[in-house]
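I have placed the structure first, in the form of structure tokens, so that the comments after it can refer back to it.
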Amino acid sequence: MKTKSVVRRIFAMVMVMALMLTTPITTFAATGSKPYKATSKMTIVLNPKQRGNSNTVSIRVSDLPEDAIITKLTVNTGSMTYSGGAIVCNYLTISSSNGRTEQIGWTGQANKTLTTSKFLASAANGTYTISFNATNMSSLDIGTKSYQPSITIYWDDEF
């Protein structure tokens with residue numbers, strides 16, 4: 001009787017091990033999105049008929065999982081303030097400490113969401129810098145324009 005009991009136990013252990021080896025293991029990647037707002041404003045001051053770049057603002061992203069990969073990155077230009085001149089924006093530039101840069105055509109709308117394409121599949125954590133290029137169309141007045149931008153990072157955490 002003892003032999004039958006030992007054989008049953010061994011057979012049960014072999015069956016459990018076989019099931020463990022043949023059962024697929026599913027891991028789920030963490031995904032999410034998170035907005036980050038610049039702590040300062042992008043500002044430009046242009047003389048009449050002058051073209052130039054605004055100051056650069058930085059946004060630091062360090063609280064996502066270490067292996068978070070960007071699936072989408074958007075820039076919201078934020079609220080706008082202006083005075084004098086007739087400043088028309090030409091494009092917005094976003095760069096990352098991961099070595100990627102993109103210029104996105106933009107005519108200066110406040111609270112406009114711009115979608116990037118050159119940041120896909122890059123590391124999400126890092127420092128992002130944003131600035132814009134504009135032209136003062138006025139032939140008489142100095143113009144000033146400012147925006148309070150933010151970015152939203154959509155990410156997957158690859159295991």
Side-chain angles (χ1 to χ4, degrees), residues 20-159:
M20 286 175 51
L21 294 173
T22 59
T23 303
I25 298 173
T26 305
T27 58
F28 296 97
T31 61
S33 65
K34 190 166 184 182
Y36 297 89
K37 191 171 188 174
T39 56
S40 59
K41 291 184 177 187
M42 298 183 296
T43 301
I44 195 165
V45 178
L46 294 172
N47 289 319
K49 298 293 184 182
Q50 184 182 21
R51 180 180 180 148
N53 294 314
S54 72
N55 66 305
T56 301
V57 297
S58 295
I59 299 173
R60 179 147 172 74
V61 176
S62 61
D63 59 345
L64 296 177
E66 187 176 314
D67 52 357
I69 303 296
I70 294 174
T71 58
K72 180 179 175 182
L73 190 147
T74 61
V75 179
N76 185 292
T77 58
S79 61
M80 173 184 56
T81 57
Y82 64 93
S83 66
I87 294 180
V88 176
C89 295
N90 302 310
Y91 56 85
L92 180 135
T93 301
I94 180 169
S95 299
S96 74
S97 57
N98 300 323
R100 300 196 183 191
T101 298
E102 184 171 0
Q103 287 184 347
I104 305 167
W106 170 56
T107 57
Q109 305 92 323
N111 295 307
K112 174 78 173 173
T113 299
L114 308 169
T115 302
T116 67
S117 61
K118 294 189 178 176
F119 292 86
L120 299 177
S122 65
N125 288 313
T127 301
Y128 297 83
T129 57
I130 306 170
S131 64
F132 68 94
N133 179 279
T135 304
N136 185 351
M137 304 302 284
S138 172
S139 56
L140 301 173
D141 296 327
I142 293 175
T144 302
K145 204 171 219 185
S146 296
Y147 295 89
Q148 181 75 51
S150 63
I151 63 173
T152 301
I153 294 180
Y154 300 80
W155 55 275
D156 279 340
D157 182 6
E158 298 294 328
F159 286 103

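All values below were derived from every heavy atom in this structure, side-chain atoms included, with hydrogens, water molecules and symmetry-related copies excluded.
Side-chain contact between Lys34 and Ile153 is absent, with no heavy-atom pair separated by less than 4.5 Å. Using a 4.5 Å cut-off on side-chain heavy atoms (C-beta onward), Leu114 and Tyr91 make no contact. Taking the side chain as every heavy atom from C-beta outward, Pro48 and Ile142 approach each other to under 4.5 Å. With contacts defined as side-chain heavy-atom distances shorter than 4.5 Å, the pair Tyr128/Val75 does not qualify. Under the 4.5 Å side-chain criterion, counting only non-hydrogen atoms from C-beta, Met42 is in contact with Leu92. Within the 4.5 Å cutoff, the side chain of Thr152 has heavy atoms near those of the Pro35 side chain. Two residues are said to be in side-chain contact when any heavy atoms from C-beta on lie closer than 4.5 Å; Asn133 and Thr93 fail this criterion.
A side-chain donor-acceptor contact under 3.5 Å links Asn136 to the backbone of Ala86. Counting only distance, with no hydrogens or angles, the side chain of Ser146 and the backbone of Thr81 share no donor-acceptor pair below 3.5 Å. Judged by distance alone, with hydrogens and angles left aside, the side-chain atoms of Asp156 form no donor-acceptor pair with the main-chain N or O of Ile69 at under 3.5 Å. The main-chain N or O of Val57 is never found under 3.5 Å from a side-chain atom of Ser40 such that the two would form a donor-acceptor pair. Between the Glu102 side chain and the Phe119 main chain, no donor and acceptor come within less than 3.5 Å of each other. A donor-acceptor contact shorter than 3.5 Å links the side chain of Lys49 to the backbone of Met137. For Ser97 (side chain) and Gly126 (main-chain N/O), no donor-acceptor pair under 3.5 Å exists by modelled atom type.
For OH of Tyr82, the number of neighbouring non-hydrogen atoms (other residues, nucleotides, ligands) closer than 6.0 Å is 12 at most.
Using modelled atom types, one finds a donor on one side chain and an acceptor on the other under 3.5 Å when comparing Thr107 with Gln109. If you check the side chains of Asn76 and Thr113, you find a donor sitting under 3.5 Å from an acceptor.
The structure places CG of Leu46 at 9.5 Å from OG of Ser54, a figure rounded to the nearest 0.5 Å. Taking OG of Ser33 as the start and CG of Leu64 as the end, the distance is 10.0 Å to the nearest 0.5 Å. Annotation: the span from Lys37 atom NZ to Ile151 atom CD1 amounts to 13.5 Å, rounded to 0.5 Å. Atoms OG1 and OH, from Thr115 and Tyr154 in turn, are 8.0 Å apart once rounded to the nearest 0.5 Å. Note that the CD1 atom of Ile104 and the OG1 atom of Thr74 stand 9.5 Å from one another [nearest 0.5 Å]. With rounding to the nearest 0.5 angstrom, the CD atom of Gln148 is 8.0 Å from the OG1 atom of Thr39.
The shortest non-hydrogen separation linking Gly108 to Lys145 is O-NZ, 4.4 Å. Taking every heavy atom of both residues into account, Gly85 and Ser138 meet most closely at CA-CB, 3.9 Å. The nearest pair of heavy atoms linking Ala134 to Ile87 is CB-CG2, 3.6 Å. Here the closest non-hydrogen pair linking Thr129 and Ser58 is CG2-OG, 3.7 Å. Closest approach of Lys41 and Asn55 over heavy atoms only: O-ND2, 3.1 Å. Nearest heavy-atom pair, Gly78 versus Tyr147, reported as atom, atom and distance to 0.1 Å: O-CD2, 4.1 Å.
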Exercise. Report the C-alpha distance between Leu73 and Ile94 in whole Å, list the side-chain angles of each, state the deciding distance to 0.1 Å, and finish with yes or no for side-chain contact (heavy atoms from CB on, under 4.5 Å).
Key: CA-CA 10 Å; Leu73 190 147; Ile94 180 169; 3.7 Å; yes
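Every residue was checked against the salt bridge (charged side-chain N to carboxylate O under 4.0 Å, His left out) condition with Lys118, not counting sequence neighbours, and none meets it.
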